Structure formats: structure tokens, C-alpha cells
Amino acid sequence: MRNWSEWQVLRMADTPGEATLAEILDGGQSFRWQRNDDGAWTGVFGCHVAQLRPSPEGLAWRQPLGKPTIAKDLGLYLDAAGTQARAIDALPWRSDPFLASALARFPGLRILAQQPDEALLAFLCSSNKQIIQIRRMVAALADQLGEEIAPDFRALPGWAKLAQADPVTLKACGLGYRATFIQETARELERRPNWAKELGALETDALLVELAKLPGVGPKVAACVALFGFGRLESFPVDTWIEQILVEGYALKGWKRLALERFGRAHYGAAAGLAQQFLFAAARAQSKKPKG
DNA sequence: GACCAGGTGTCGT
DNA sequence: ACGACACATGGT
């Protein structure tokens with residue numbers, strides 16, 4: 001049995017409830033969290049391991065014993081300061097009932113502040129795959145190639161490790177044709193240890209262009225990496241879910257993805273990516289079939 | 001067995 | 001610029 005610290009409470013401006021917490025941790029932005037039998041969540045972000053669970057006082061958390069406290073990193077990762085809550089209020093929900101409905105459905109939903117490398121690797125796996133399969137690929141990459149950061153927990157492998165990885169090992173991670181993309185991107189970024197800092201200095205549009213130059217990164221993956229890995233809340237990824245819900249909600253039948261991306265950024269504004277996450281959650285919740 | 005999945009790259013017009 | 005198709009793998 002693992003040794004964990006005592007539960008502590010993370011003070012948050014707006015504490016997410018159980019359903020919203022599930023959507024934050026298992027809603028297709030990070031792929032490294034798992035729900036335990038007791039309802040708590042166990043996950044890895046960067047080189048940190050944590051468990052989370054809702055509590056009356058706020059969000060409870062703990063970490064493996066024997067490490068410096070991750071309280072500050074966890075607070076940043078979860079936006080405990082509530083920066084996004086203010087950005088959400090600035091969305092055009094007052095004049096957009098469709099958006100307002102999605103916002104009301106997941107109070108406290110937020111974008112996790114993932115590291116650029118983590119977001120890029122995960123979304124390189126994401127193309128043409130279901131979320132559960134992406135989670136398996138990412139877990140396999142950590143298991144096969146990642147450094148152990150606590151007993152039974154491994155970080156994601158760095159680009160150098162991925163670049164030199166045996167193709168057989170990558171194949172065993174269930175990556176399919178994405179293995180080539182990942183290795184080609186890894187070989188490029190291995191030579192650019194400061195890539196995230198350099199790209200982070202760019203305006204969002206330039207950042208998207210640079211990201212899309214990497215093998216296996218197109219407009220959608222680039223938008224996800226900008227949003228989830230670089231904290232660009234205006235970035236607006238358009239995937240099958242968003243395409244469908246925008247066409248439905250705003251009568252945009254026939255619009256292509258690039259046009260929908262421009263629509264989203266224009267309509268929702270500076271926090272379009274946040275709006276996107278609410279719409280994504282609403283779309284998925286709507287399509288979930290009642291179990292019978 | 002067919003169809004689809006938080007798409008991308010390539011090759012036609 | 002736009003549309004059609006292949007791509008590996010597994011099943012919310």
C-alpha cells in the first residue's frame with residue numbers, strides 16, 4: 001500500500017464540484033488522471049503526483065510522502081487563483097443563451113495549466129482516436145519510456161528519449177501510424193531544448209503556425225497545444241465535437257473547420273478556448289447514451 | 001465485417 | 001484553395 005501525505009485543502013476561488021472535477025480531469029484535455037474506486041482521482045502532471053477529491057471545505061489533495069510540497073504547483077495547475085473564472089464572466093454569455101447553458105452545466109470547469117511538452121506529446125497521440133485510447137497511449141509511453149517520479153508513477157518521456165526509442169517499443173504503445181510523427185517531432189525538438197520558451201514568446205497566431213510545422217501537428221493539434229500547453233485561452237480547437245455543436249447551436253451547416261475556428265475566436269473573444277471547453281463538455285454529455 | 005475515433009499528410013482537380 | 005483518400009489500432 002502506498003504512503004500518502006495527509007489530505008490538505010486547496011483554497012480555490014471557485015471550487016469545482018464532483019461532476020465538474022471529473023470533466024476537468026477526464027474531459028479530454030489531460031489524459032493522465034484516473035478515478036479510484038473510492039471516488040478520488042490519482043494523476044500525474046509534469047513530474048508531480050497527486051490525488052484529488054471533492055470535500056465540503058474545498059478541493060482536497062495529497063501527495064506521495066518524501067517529496068517537497070507541490071501545493072504551489074498544484075495551485076497553478078488548477079488555477080486556484082480563479083483567473084479563468086473572471087475570463088469566463090467576460091465571455092458573451094449574456095447575449096448567447098447557447099453558451100450560457102453550457103457554462104451553467106459545468107460550474108468551475110477550467111483549463112489545466114499543462115506543460116507544453118506534455119500537451120504536445122498527448123495531442124500528437126490524439127488524432128483520429130477516442131479519448132480512452134489516447135489515455136492508454138499516453139500511459140503506455142510513460143510506462144515504457146518515462147522516468148519514475150514516485151513508486152509506481154512515471155513522468156512522460158522527454159523528446160531525447162522518444163527520439164532514440166526503439167520503434168518496437170513505440171509500436172507496443174499502440175500509437176499506430178502516430179509513432180512516426182512522434183519520433184520525427186522528437187528528433188526535431190531534441191535539438192531545440194528551449195523550443196517551448198522560444199515559441200512561448202510568440203503571439204498566438206505565430207505560435208500556431210510554428211507548432212503546425214511539426215510532423216503530425218495540424219491546425220487542430222496546434223490549437224490544443226496552444227490552449228492546454230501554452231495557456232492561450234483565445235486558441236479555439238475545432239474537432240468533430242465542436243464542429244457538430246457549433247453547426248447545431250449556431251446554424252452553421254456546411255461551414256468548414258477553419259471557418260468555424262475563425263467564427264469561434266471572433267464570437268467568443270479573448271477566452272474562446274475556455275468557451276470551447278464548456279461546449280466540448282456539453283456536447284459529450286449530451287451524446288452519452290443512457291445506460292439501459 | 002463495417003464503421004468510427006478531440007486529424008494529418010498527400011495527391012488529385 | 002478545396003475534396004478525397006490512406007493511415008494503424010482498438011472499441012464511451
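Lettering follows sequence order; numbering is per chain, from 1. Everything numeric here is computed off the predicted structure, so don't read it as measured data.
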Fit a plane to each ring of Y177(A) and F181(A), take the angle between them on a 0 to 90° scale, and name the class: parallel (under 30°), tilted (30 to 60°) or perpendicular (over 60°).
-> perpendicular
According to the interplanar angle, ranging from 0 to 90°, do the rings of W33(A) and F45(A) count as parallel (below 30°), tilted (30 to 60°) or perpendicular (above 60°)?
-> parallel
Figure out the [atom1]/[atom2] separation between [X] and [N], and round it to whole Å.
X       : N       : atom1 : atom2 : result
F31(A)  : dA5(B)  : CZ    : P     : 15 Å
M137(A) : dG6(B)  : CE    : P     : 10 Å
Q130(A) : dG10(C) : CD    : P     : 13 Å
Q133(A) : dG11(C) : CD    : C1'   : 6 Å
L170(A) : dT9(C)  : CG    : C1'   : 15 Å
Q183(A) : dC7(C)  : CD    : P     : 20 Å
D26(A)  : dG6(B)  : CG    : C1'   : 13 Å
L258(A) : dG3(C)  : CG    : C1'   : 15 Å

Distance check, [atom1] atoms only: [N] and [M], in whole angstrom units.
N       : M       : atom1 : answer
dG10(C) : dG9(B)  : P     : 23 Å
dG6(B)  : dA4(C)  : P     : 22 Å
dT8(B)  : dG11(C) : P     : 23 Å

Kindly express the pairing pattern of DNA chain B in dot-bracket notation, using | wherever a base pairs with another strand and counting only Watson-Crick or G-U pairs under 3.5 Å.
-> ..|||.|||||||
For a quick check under 3.5 Å, do [X] and [Y] share a side-chain donor-acceptor pair by atom type?
X       : Y       : answer
R232(A) : T204(A) : yes
W195(A) : D117(A) : yes
Q51(A)  : T42(A)  : yes
T169(A) : Q144(A) : no
Q84(A)  : R110(A) : no

Treat primed atoms plus P, OP1 and OP2 as sugar-phosphate and everything else as base, then score nucleotides 7-13 of chain B 5' to 3': B for base contact with protein heavy atoms under 4.0 Å, S for sugar-phosphate contact only, - for none.
-> BSS----
R136(A) near the nucleic acid: base, sugar-phosphate alone, or nothing, with a heavy-atom cut-off under 4.0 Å?
-> sugar-phosphate
Out of dG3(C), dG6(B), dT9(C), which nucleotide sits closest to the side chain of K171(A)?
-> dT9(C)
Does OP1 or OP2 of dT12(C) have a side-chain N or O of R135(A) closer than 4.0 Å?
-> no
Sub-4.0 Å heavy-atom contacts from residues 272-280 of chain A onto DNA chain B, ordered by number | Q276(A), Q277(A), F280(A)
Between [X] and [Y] (judged by ring centroids, cut-off 6.0 Å), do the two rings come close enough to count as a pair?
X       : Y       : answer
H48(A)  : Y77(A)  : no
F123(A) : F228(A) : yes
F278(A) : F106(A) : no

Heavy-atom neighbours of E203(A) CD exceed 12 at 6.0 Å | no
Would you indicate whether E147(A), at its atom CD, is surrounded by more than 12 heavy atoms from other residues, nucleotides or ligands within a distance under 6.0 Å?
-> no
